[in-house]
Protein chains: 2
Amino acid sequence: MGSADVPDIVIGRLPIYLRALNFLLEEGKEITASQELADKLGISSAQIRKDLSHFGEFGKQGTGYEIRYLREQLRKILKVDREWDVALVGAGDLGHAIAHYGNFDRNGFHVVAVFDHNPRKIGAKMGRFRILDSESIPTVIQDMGIQIAIIAVPAESAQQVADTLVEAGIRAILNYAPITLNVPPGVQVQYIDPVVYLQRMTYYL
Amino acid sequence: MGSADVPDIVIGRLPIYLRALNFLLEEGKEITASQELADKLGISSAQIRKDLSHFGEFGKQGTGYEIRYLREQLRKILKVDREWDVALVGAGDLGHAIAHYGNFDRNGFHVVAVFDHNPRKIGAKMGRFRILDSESIPTVIQDMGIQIAIIAVPAESAQQVADTLVEAGIRAILNYAPITLNVPPGVQVQYIDPVVYLQRMTYYL
DNA sequence: CACCTTTTGTGAAAGATTTCTCTGTCATTT
DNA sequence: AAATGACAGAGAAATCTTTCACAAAAGGTG
């Protein structure tokens, strides 16, 4: 129990569980069981129960889990029972799609600042956002106390952007640039490189 | 050796190695060592060597790996030593960004058909693509012999789209919709849900 | 109320993955 | 030509993760 050293791989599955619970709730369900989740997610029911057992006892024997309650607990564990401000660096096609991606807001992640290096873009509007100069990253991040950033710049500049962000106090980076970032310990990084996923699948074709 | 049951987790790292090798080559390097890759990627050198050992012996003791050669081998293993056609379903903001994402083409993945359900969009141009009616998915996929598809539609319609794609002969799906898909065995699926990655990081904040 | 069914939580076992450690090879230096 | 240092490959060991299997709890049923 307690958050003391729960395996990373377990943490990685919690958002999937949370997503499934939201889905079930929308369907009007109130109660579910590890087996039902397992069927939906392609994960064994034992694993789901074991994963949850790291954090406490959330179910009722013979019945299953009260969806609303379990969801609330997972949200607390993942710290998504609150709103998070997010900085976005890169206002290209990708940045545009990210800035307008409705699921961020719907899940409590709010893009509150968009940066770009291109003088042609600085000051321009992108949807409801005014594009800010990358030079102002340190001040804006610090003034707003932003802890999470999304990198959507070309691979060439990603490391430099990451350095600036970390320096400014960012503690979690979602990196869309196809490059492994070097960051100090304690800074979280997650990668989204669609090419990597495609290459992983072609192996099996 | 041979492709007989190499752990999935190993396959998942190969694209990362490949990406790093491309990077080193662009930097003008010819030779590298497992330790150098390890430093760059934050993976142990032993693991890199063990991973590669599943497929053969690519290095030279005392020297390291000839980058160009190792890259060629990895490309063969991952079957990315050829070009792949890709179908894209969903012509919203996300689909737009995906259709214009240069890294796909640069890595041999070519979007050759874009589908949408919206009558307002069907027939319209999106960049260099003419948006096709989702109804035509089966015929187009089959006629063009496309094996890989990207789903960029809302969660509500993703499962239905996946069913249609699989029915049409698609064998690998990159799913941007925030929902776990149910597909028959033998069909590969990879997921990209940025919210999941953000939630995974907030746990540690 | 006793019995039956369902389902959780969990220790133990099994399985998978990573790291360790050592041997042997290669290139370079002396 | 021998010595040295660098590094791959691989078996063994250690660690981590998943699955198994079962006791206990809850609710429903006759």
Within less than 4.0 Å of OP1 or OP2 of [N], is there a side-chain N or O belonging to [X]?
| X | N | answer |
| --- | --- | --- |
| A:Gln47 | D:dT18 | yes |
| A:Thr63 | D:dA26 | no |
| A:Arg13 | D:dT18 | yes |
| B:Ser44 | C:dT19 | yes |
| B:Tyr65 | C:dC26 | no |

With a non-hydrogen cut-off below 4.0 angstrom, is B:Ser45 in contact with a base, only sugar-phosphate, or nothing?
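Nothing, no nucleic acid heavy atom in range.
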Touch check for B:Leu52, heavy atoms < 4.0 angstrom, all strands: base, sugar-phosphate only, or nothing?
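No contact at all - B:Leu52 keeps every heavy atom at 4.0 Å or more from the nucleic acid.
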To the nearest Å, how far apart are [X] [atom1] and [N] [atom2]?
| X | N | atom1 | atom2 | answer |
| --- | --- | --- | --- | --- |
| B:Ile43 | C:dT17 | CD1 | P | 15 Å |
| A:Asp51 | D:dC16 | CG | P | 16 Å |
| A:His54 | D:dC16 | NE2 | C1' | 11 Å |
| A:Glu66 | D:dA25 | CD | P | 21 Å |
| B:Ile48 | C:dT17 | CD1 | C1' | 15 Å |
| B:Arg49 | C:dT25 | CZ | C1' | 14 Å |
| B:Ile11 | C:dT17 | CD1 | C1' | 14 Å |
| B:Ile31 | D:dA6 | CD1 | P | 17 Å |

Could you check whether any side-chain N or O of [X] sits under 3.5 Å from a backbone N or O of [Y], counting only pairs where one atom can act as donor and the other as acceptor?
| X | Y | value |
| --- | --- | --- |
| A:Thr63 | A:Gly59 | no |
| A:Gln190 | B:Leu198 | no |
| B:Asn107 | B:Phe109 | no |

Given D:dT18, D:dA8, D:dA10, which nucleotide is nearest the side-chain atoms of B:Ala33?
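Within the option list, the nearest is D:dA8.
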By nearest nucleotide on DNA chain D, pick out whichever of B:Ser34 and A:Val10 is the more 5' one.
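Taking each residue's closest nucleotide, the earlier one in sequence belongs to B:Ser34.
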Determine whether any donor atom in the side chain of A:Gln61 lies under 3.5 Å from an acceptor atom in the base of C:dT7, or the reverse, and answer yes or no.
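Result: no qualifying N/O pair found.
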Under 3.5 Å, is there an N or O donor on one side and an acceptor on the other linking the side chain of B:Lys60 and the base of D:dG9?
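Between D:dG9 and B:Lys60, which were checked side chain against base, a qualifying N/O pair under 3.5 Å is absent.
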Which residue lies more 5' along DNA chain C, comparing A:Gly62 with A:Phe58 via nearest heavy atoms
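Looking at DNA chain C, the more 5' nearest nucleotide goes with A:Gly62.
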Which word best sums up how the rings of B:His100 and B:His96 line up, parallel for under 30°, tilted for 30 to 60°, or perpendicular for over 60°?
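The arrangement is tilted - the two ring planes meet at 30° to 60°.
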Which atom names give the shortest non-hydrogen contact between A:Pro178 and B:Arg19, and what distance separates them?
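Smallest heavy-atom distance, with atoms named: O-CD, 3.4 Å.
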